[in-house]
Asks: 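I have a structure here, written as structure tokens, and I will follow up with some questions on it.
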Amino acid sequence: MISSTEMAVVDENAEALGVPRKQLMESSGNAVASVVRDVADPDASVALVCGRGNNGGDAFVAARFLSEYDVTVHLLGRAETIATAIAGENWTALEAAGIDTREVRDSAAFDLGDPDVVVDAILGTGVTGALREPEATAAKEINAAAATVVAVDVPSGVDADTGEADGTAVEAGHVVTFHDRKPGLEHVAADVTVADIGIPAAAERVVERGDLLRLSRDPTAHKGDFGEVLVIGGGPYTGAPALSAQAALRAGADLAYVACPESIAGEVQGYSENLIVEALPGDRLAPSHVPRLTELAVGMDCVVVGPGLGDAEGTLEAAASFLSAFERTAVVDADALQVVPALETEATLVCTPHQGELEAMGGETASDPDERAQLVSAFAAELGVTLLVKGACDIVSDGERTRLNRTGNPGMTVGGTGDVLAGSTGAMACVLDPAPAAALGAYANGRAGDLVVESNGYGLVATDLLETLPRALWPDETDR
Ligand SMILES: NC(=O)C1=CN([C@@H]2O[C@H](COP(=O)(O)OP(=O)(O)OC[C@H]3O[C@@H](n4cnc5c(N)ncnc54)[C@H](O)[C@@H]3O)[C@@H](O)[C@H]2O)[C@H](O)CC1
Ligand SMILES: [K+]
């Protein structure tokens, strides 16, 4: 089962992996034609009723595959208004091939005739709200006809996620859907065929730019809607918590706080006026700080625990004690990872170890990448956390789904890049579930590093990543 958001992610990831959408459309159209052949007599007439989006485009392709039938293609609207280039190209190919095409300029001009089979390609996953005209009239005529109806992807007017129809919807006997079942089809009384359209398995397994579609930014948003992140870190180190908190801001969080020992608070603040610094008495995190940390954490969407904390006994005790009483999402990094295996907590944890830290936590590793991914998945399930295991290929798993991230480069072995990753993952966790947050945190960090190396060559430092994180997460056309 796949939601429309997830489908859009997978579709864009396939494109990023070298399988363009037009190629998928060719497979979709072929699959539709094959179901039409299953239901149509050899001398049948087939009417394809097409909208101006890619759902219609699938049917333009299908028409090319159905030359043995008496085929008519009805386009709802003028050809100039076809919404996508790939659908437009497939329309032009139909006209060039001399196939019977008709443009329906208004609903009164729609004449379905009396076909044996209707292909409903008015709208697919792009539908919003009730069918407008001429789509609504076309749907009513399809429902009134005696024909066998084959719907492309979903019956037009039906929401692919919910199965609800906001007004008229096509009643189909057969549905050809693509790649995976859509939840809305559970509520539709039709035979459903799921067609493999050649989306590579890697489009689901590998984190790619399609995953960025998860980060829509509502134009009516208010301050705080994109999250407040608290970084608990520092003591022996000053840069790490500052890098994490700045990364959270660069990855879209609205406010970033750093709770750190007072001995370094001035330095942390000095790195950036964008941070809100809370000084804790002394020079190391200690159990006496836990009540104040718990108080600070109340208003936060995510807490990042670990950057630059060190592993003094009292520090680890404080980290464990804070996390055991915490009930929301925390990213755990660096020395704080050690406390996770013995921890009992209601919190949702995203842990970001490298190989060495993973092994120190009790996790196993292997040289074969698939085996390594399986071990990470099993360990995530055992701990009940989301693991982001850093490496040349990052592995992200919540024990149910495992993703691989391939962005990043050898320049990123420099100090501080892990602190940036923890912070950007914290920002992602404010707006996304833990597993996609970790996946996108890893993707963005590596992509930021790749952008730096592309323009400057090696010799990157962690602060360079802060500057390129926004471009990694919200690329413009030139970054693709
Ligand atoms: N990987 C894949 O999933 C593939 C899917 N394919 C097919 O593409 C459609 C989705 O295409 P898209 O262009 O995004 O949307 P639609 O064709 O469904 O419609 C967009 C079109 O419709 C207009 N519109 C929206 N709501 C209404 C309404 N209520 N009334 C009238 N018109 C409406 C909107 O303005 C747009 O212009 C998917 O279902 C598959 O069939 C591809 O084959 C590639 C692989
Ligand atoms: K449809």
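Every number for a ligand or one of its atoms is a count from 1 in the order of the listing.
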Asks: Look at atom 6 (N) of ligand 1 and find which of Asp58, Leu24, Val19, Val10 reaches it with the closest heavy atom.
Replies: Asp58
Asks: Taking Ser397 for the side chain and Arg403 for the main chain, is one N or O donor matched with an acceptor at less than 3.5 Å?
Replies: no
Asks: Suppose we screen for side-chain hydrogen bond (donor to acceptor under 3.5 Å, both in side chains). Which residues come up paired with Glu204, at least two apart in sequence or across chains?
Replies: His179
Asks: Would you mind finding which of Glu133, Met7, Glu15 brings a heavy atom closest to atom 3 (O) of ligand 1?
Replies: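 The nearest heavy atom belongs to Met7.
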Asks: Using distance alone, determine whether Ala130 and ligand 1 share an N or O pair under 3.5 Å.
Replies: yes
Asks: Answer yes when Arg250 and Glu467 have at least one side-chain N-carboxylate O distance shorter than 4.0 Å, and no when they do not.
Replies: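 The answer is no: the pair does not qualify as a salt bridge.
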Asks: Whether Arg102 and Asp100 form a salt bridge (side-chain N of Lys/Arg under 4.0 Å from carboxylate O of Asp/Glu) is what I want to check.
Replies: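 Between Arg102 and Asp100 there is a salt bridge, with a charged N closer than 4.0 Å to a carboxylate O.
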Asks: Output the list of atoms in ligand 1 that are nearer than 4.0 Å to some heavy atom of Ser28, sorted by atom number.
Replies: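 Those qualifying, in numeric order: 43 (O).
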Asks: For Glu382, enumerate each residue passing the salt bridge (Lys or Arg N to Asp or Glu O under 4.0 Å) test, keeping only those at least two apart in sequence or located in another chain.
Replies: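 None.
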Asks: Taking only Lys NZ, Arg NE, NH1 and NH2, and the carboxylate oxygens of Asp or Glu, determine whether Arg52 and Glu135 approach each other closer than 4.0 Å.
Replies: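 Yes, charged N to carboxylate O under 4.0 Å.
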Asks: Looking at Asp153 and Lys182, is there a salt bridge between them, counting it only when a charged N and a carboxylate O are closer than 4.0 Å?
Replies: yes
Asks: Any nitrogen or oxygen of Asp11, side chain or backbone, less than 3.5 Å from one on ligand 1?
Replies: yes
Asks: What residue and heavy atom of the protein are closest to atom 17 (O) of ligand 1, and at what distance?
Replies: Asn55 N, 3.0 Å
Asks: Would you list the protein N, O or S atoms within less than 3.4 Å of the K ion (ligand 2), leaving out water?
Replies: Asn55 OD1, Asp120 O, Leu123 O, Val152 O, Val154 O, Ser156 OG
Asks: Taking 4.0 angstrom as the limit, do Glu6 and Arg214 come out as a salt bridge?
Replies: yes
Asks: Could you report the tightest heavy-atom contact between Thr468 and Ala448, atom names first, then the distance?
Replies: OG1-O, 3.1 Å
Asks: As an exercise, identify every atom of ligand 1 less than 4.0 angstrom from a heavy atom of Gly53.
Replies: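 Here the atoms of ligand 1 in question are 13 (O), 17 (O).
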Asks: Would you please determine whether Gly51 falls within less than 4.0 Å of ligand 1 on a heavy-atom basis?
Replies: no
Asks: Measure across Leu94 and Phe60 and return the closest heavy-atom pair with its distance rounded to 0.1 Å.
Replies: CD2-O, 3.4 Å
Asks: With heavy atoms of Leu131 as the reference, note each atom of ligand 1 found under 4.0 Å away.
Replies: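 Within the 4.0 Å cut-off of Leu131, ligand 1 contributes 29 (N), 30 (N).
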Asks: Which ligand 1 atoms, with their elements, are less than 4.0 angstrom from a heavy-atom of Gly129?
Replies: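 Close to Gly129: 29 (N).
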Asks: Looking only at protein heavy atoms, which one is nearest to atom 14 (O) of ligand 1, and how far off is it?
Replies: Gly126 CA, 4.2 Å
Asks: Hey, is atom 25 (C) of ligand 1 touched by any protein heavy atom at less than 4.0 Å?
Replies: yes
Asks: Of all the non-hydrogen atoms in the protein, which one sits nearest to atom 30 (N) of ligand 1, and at what distance?
Replies: Arg132 N, 3.1 Å
Asks: Decide whether Asp419 and Ser244 meet the rule of one side-chain donor and one side-chain acceptor closer than 3.5 Å.
Replies: no
Asks: If you measure from atom 11 (O) of ligand 1 to every heavy atom of Val32, Asp153, Asn54, which option wins on shortest distance?
Replies: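 Closest candidate by heavy-atom distance is Asn54.
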Asks: Using a strict 4.0 Å threshold on nitrogen-to-oxygen distance, state whether Glu26 and Arg64 make a salt bridge.
Replies: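 The answer is yes: the pair qualifies as a salt bridge.
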Asks: Can you check whether Thr125 has an N/O within less than 3.5 Å of an N/O in ligand 1?
Replies: yes
Asks: Just checking Arg328: does its CZ atom have more than 12 heavy atoms from other residues, nucleotides or ligands closer to it than 6.0 angstrom?
Replies: yes
Asks: Relative to atom 16 (P) of ligand 1, which among Pro134, Ala31, Ser27, Gly124 owns the nearest non-hydrogen atom?
Replies: Gly124
Asks: Would you please name every residue forming a salt bridge (Lys or Arg N to Asp or Glu O under 4.0 Å) with Glu327, sequence neighbours left out?
Replies: none
Asks: Between Gly56 and ligand 1, does any nitrogen or oxygen pair lie at a separation below 3.5 Å?
Replies: no
Asks: Considering only heavy atoms, which of Leu123, Val127, Ile197 lies nearest to atom 21 (C) of ligand 1?
Replies: Leu123
Asks: Kindly indicate whether atom 36 (C) of ligand 1 is approached by any protein heavy atom to under 4.0 angstrom.
Replies: no
Asks: Does atom CD (Glu364) have a neighbourhood of more than 12 heavy atoms from anything else shown, all under 6.0 Å?
Replies: no
